[in-house]
Structures are given as structure tokens and as C-alpha cells.
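Below is one structure, written out as C-alpha cells, with a few remarks after it.
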Amino acid sequence: MIIADRKPLNEILEMIQDCDHILLIGCKGCVTVCNVGGAKEVGILASALKIARKKEGRPLEVDERTIERQCDPEYIEQVKDVVESYDAVVSMACGVGPQFLSTAYPNQRFFPAVNTTSFGGAVQHGVWEERCAGCGQCVIHYFGGMCPIARCSKSLLNGPCGGSAGGKCEISKDVDCIWDLIVRKKMEQGRLDDLMDVKPPKSWDTARDGGPRRSVREELVQ
Amino acid sequence: MSDDLKSGSNLEKVLKAGHFAFTGECGPPKGANVDHLKEKIAPLKGVVDAVNVTDNQTAVVRMSSWAASTVMVQEGVEPNFQMVCRDRNRLAMMSDILGISAMGIRNMLCLSGDHQRFGNHPQAKNVFDIDSMQLIALAKQMRDQGTFLNDEEIDVPPRLFIGAAANPFAEPHEFRVYRLSKKIAAGADFIQTQCIYNMDRFRDFIKQAVDMGLHEKCSILAGVTPMKSVGMAKYMAKMVPGMDVPDDLVQRLQGAGKGKVAEEGIRFALEQIQEFQEMEGVAGVHLMAIEWEHRVPEIAERAGMLPRPAL
């Protein structure tokens, strides 16, 4: 899923400083699962914004909505009747949400309340980690089911760099060296030979480097 | 120039003739200060077989390694041009390889590069379009097949003696010799290792390499960096990932007494060089005297490395 982190309250307050009445829209998709932009977090942010503005002596009115998904015009449509009655709309979805909203309602301003960080999953309660870089050509099966493009700080395809120590990446003790994990898994499986071939340069033309991507399912296109 | 040489570089000739190679290192200045660069180069002339010119080392911006290498050529010292994968995509790499070849630079060391998080522009976007293994293979393809990565023909291919790095002390230890063998398979003509302080571990590593016959396919130069102070030893032990500084070395330096630590550091380096000369599988020493270029002639003299072969 898509993982995001809440923006600092002050950054959001600054975005909406000229507003008296806003709509805060959550999303029941990925951001609900990673506890950053679902109905509960919409409620928490609404309260925080109201308290902060009350302290400033400029009370803010905040209405709350959480829709099924903000990455689908069908659900975006559901806020049609209300969206233009606010000074601005703050979206708690990933970066996709406020863009779909902006396209659908060109007369309104939409602000992002979260920073979208990565594609990944929960590794323990309350902790999410990146797993995929969306490069458009999956190769994890060569690497024991682990992605060195997303998870090696240098996206190395041919083994660990000289900065791997104690199973950790040179950039931080909080980051696992994915190549350490790949090598150990291959050794345990008796498949170290899988890592002996020199992997050729990757083609990045399916990644963001090739320009914005588009996926088409012909059978669904009418 | 003999036809069986890949590059015709001095380093290649020295190794091919079976001499024990001795290379140095020089970090370009943080500016366009050519005089300062020349001052750093001067003591190395005639004292080493080639000088590594670092490429924005530790991700700190400096004069470009190709430009500093060119200055070195003009000064009559042979550079070993370093290129990291952090700052260039494949277009820039191939273009720079042609550029250095045009400027008479014949040695090239292929590296991943320290992550920019360590450097003075941690906000930078990194590249890592290809990795160091692929860079070795790319340089070899350009030289031997005379083609670019897309197989288009090159109008006068580069002549290169291709180098790579090996860190016997990084983890996972079990994989390090295989990574070395991959680099050789990719096309490395010579290897320079990370600074060695843990001699026991290096002896194990080189024995593995010899058992696999790697030393016959490629020249392995052992990395030596003299410790200048106890603080430097402690910093390297704690702060530099993939560096192995045994406690007994730190204690030895501490025991040297005030004002004598640097001399003790040099003595340890000399003992290492002595052992490397006798060690099967080691074809030379790469002396990385960090910001200590002016001490290299003395170290070379005391190590019995002078005079260097003139080929």
C-alpha cells in the first residue's frame, strides 16, 4: 500500500491561514490502513486545527468527511454538492487524492495534509517500511524475494557495497542492509550461486525516468 | 606502445613486468585552486606508480576528478581517475570515459560512491543508474568491444586499465571474496582494497582469493593508510562503516607517547608493507596518506619502495 506521514501542524495551519471554514477529507484506502488519513485521523487533525486557531483568536470552522477512495472519480463525485462552499479543502489522502480533487473541482483549492513517502507495509504495530520503488519491471525473484532497488540505499544489483556493517546500511543504524539479508538467505538456501552472475544495467524506461506511467486494461476501456 | 597492453598506463606496465606496485592518492581541492593541487601532487612525482584522484569523496563537493587528473597528467604524474556511480548516469559516465581517454588518462577506478547523506549536500538526489559492477563491465565493453552500452560503435574507443575496490572488512564477510570474483569477472584489471588494519582478517581474505586463483586473473593492491593520531584511529573504528580497526592497534598508538603517535602509525604501515611484499596474492600497495601527501616520499623510502621502476 501507499504509506504517508502527517505534515506538521504548523505547516497545515500556514496553508489555510486565510481560511475561516474548511473541509477536511479523509480516505478509506491506504492512508486509513497506515493510520494517517482515515476518519479517526481526520477527527484528530480537525480538533488540533480548531484548538490552534482558537488560541490565535481566529476560530476555524472545520467540517469532516471521509470517502471510500480519493483516487477514483466515482467517489470524488460524492463531495460535488459541498466542496465549493468552503474557503479551502484539506485532503488527508496520499498525493493522488488532492490531485484528483483539484482536477474534478477546478474552482476550489486543495491542500495536502500528509507527505506521501513510499509503497510498503507494516513491519510491527505502528511501524511501516518501504518495500517497492514502483520501477515498472519487477525483479525481486532474483534476490530472494527482496527488492534491492527500493531497499538498498544505492539500488545496487550486484551485492553489498563496502559500507555494510553489522547487517546495517552505511546511512543509518535504523536501516537494514538489504544485501546482507539477501546474501544470508541465499546462503541458508544453498543458492549463493544465484548471486554470482553480473546483473546487467537495469532499464529504467519503465520507471519514473521514462516519464509519467499509464496502465491500460484494454478489456475495460469503453 | 606494445600492442598487448590494454591501456599502456605506467601502472599496467609496472604490474605486467612483475614489479610490486606502489600507488598513492590525492584528493582534489575544495575549489579551483590549481596551485594547491600542484603542491599536493609534487611530492608524489617519481615516488608512486600512479595516484588515485578521488571523485567527490565522502560525498563532499570538490574539483572534478577528471579535471584534477588532467592537471596531474600535465604535471607528469600518472593519475588513477576515480569515478563513482552516485553522481552520474550512464550517459555522463560514457561521456566522461571518452573525455578522460582523450586527455591521456589511462587508469580508471570504478566505485559505488559514499551515500550523499555523509556529505556536505545531503539534500542531493543521487543517481545510481548503474552500479560499480556494471560500471566495470561498461568500461571493459567500451575498451574491448569499442561499443557504447547500446552496442553502437565508438569512434576511437578509450584505452583503459580498469580498477575496482574491495573491502575485505565489510559484511557479510562470507560474500566478500565472491564479490571480488564478480568484479574480476566483470572486467577489473586491478583491485585496490579498503584500508587494512586487521591483518588477521586480511590474511584470511587473501588466502581465499588465492585459493580461488583470483590473484592470477587480476592484480590485488593492499590498501594502507598510516594512522596520524589516536583520535583518527578511534574515529575510523567507530564512525566509518566497513572499517575494522583492532583494539590492539589503538592501544599500540596510545602507548607510543605524546608526539610519537604519528611515527608509530608510520611504523605500523611499514610493517604492513613489508608483510604485503611477501604475501602470496598481493601485487602491490595502495598508500592512502589522507592529507599527508608530503609524507609519502619518506614512507616510500623507508618501505624500500624507491626508486620506482621506470618503464
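Proteins come first, then strands; the chains are lettered A, B, ... in the order of their sequence lines, and each starts at number 1.
- In this structure, K154(A) contributes its side chain and C85(B) its backbone to no donor-acceptor pair below 3.5 Å.
- Neither the backbone nor the side chain of D209(A) has a heavy atom closer than 4.5 Å to any heavy atom of chain B.
- Scanning residues 115-131 of chain B against chain A with a 4.5 Å non-hydrogen threshold yields H115(B), R117(B), F118(B), N126(B), F128(B), D129(B), I130(B), D131(B), sorted by number.
- To the nearest 0.5 Å, the span separating CG on L195(A) from NZ on K182(B) amounts to 6.5 Å.
- For the set P241(B), P172(B), A185(B), the count of heavy-atom pairs under 4.5 angstrom toward chain A peaks at P172(B).
- When the heavy atoms of residues 132-144 of chain B are compared with those of chain A, the residues falling under 4.5 Å are M133(B), Q134(B), listed by number.
- Atom NZ of K50(A) has more than 12 neighbouring heavy atoms from other residues, nucleotides or ligands inside a 6.0 Å radius.
- Between chain A and the residues R176(B), H173(B), R86(B), M243(B), the largest count of heavy-atom pairs under 4.5 Å involves R176(B).
- Around the CZ atom of R191(A), the shell of radius 6.0 Å holds no more than 12 heavy atoms that belong to other residues, nucleotides or ligands.
- Between the side chain of E171(B) and the main chain of G167(A), no donor-acceptor pair closer than 3.5 Å is present.
- In terms of heavy-atom pairs under 4.5 angstrom with chain B, the leader among V198(A), I171(A), L157(A), D197(A) is I171(A).
- Contact annotation for P200(A): only backbone heavy atoms (N, CA, C, O) come within less than 4.5 Å of a heavy atom of chain B.
- For a residue to count as touching a neighbouring chain, one of its non-hydrogen atoms must lie under 4.5 Å from one of that chain's; by this rule V183(A) touches chain B with the side chain only.
- With values rounded to the nearest 0.5 angstrom, R90(B) atom CZ is found 10.0 Å from K202(A) atom NZ.
- K234(B) NZ: 12 or fewer foreign heavy atoms inside a 6.0 Å radius.
- The neighbour count for W66(B) CH2, taken as heavy atoms of other residues, nucleotides or ligands under 6.0 Å away, does not exceed 12.
- The number of heavy atoms from other shown groups lying within 6.0 Å of OH (Y105(A)) is above 12.
- Remark: E11(A) CD is packed, more than 12 non-hydrogen atoms of other residues, nucleotides or ligands lying under 6.0 Å away.
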For this session: Determine, stepwise, if the pair F175(B) / L192(A) fulfils side-chain contact (heavy atoms from CB on, under 4.5 Å).
Result: CA-CA 9 Å; F175(B) 192 68; L192(A) 201 56; 4.0 Å; yes

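- Counting heavy-atom pairs closer than 4.5 Å to chain B, the top residue among A165(A), S172(A), S155(A) is A165(A).
- Residues C161(A) and S112(B) come closest through the heavy atom pair CB-OG, 4.3 Å.
- At distances below 3.5 Å, at least one donor-acceptor pair connects side-chain atoms of R179(B) with backbone N or O atoms of N158(A).
- With chain B as the partner, the residue from P160(A), G163(A), G159(A) showing the most heavy-atom pairs under 4.5 Å is P160(A).
- For chain B, the option among C169(A), G162(A), S153(A) with the highest count of heavy-atom pairs below 4.5 Å is G162(A).
- The local environment of CD in E153(B) is sparse, with at most 12 non-hydrogen atoms from other residues, nucleotides or ligands closer than 6.0 Å.
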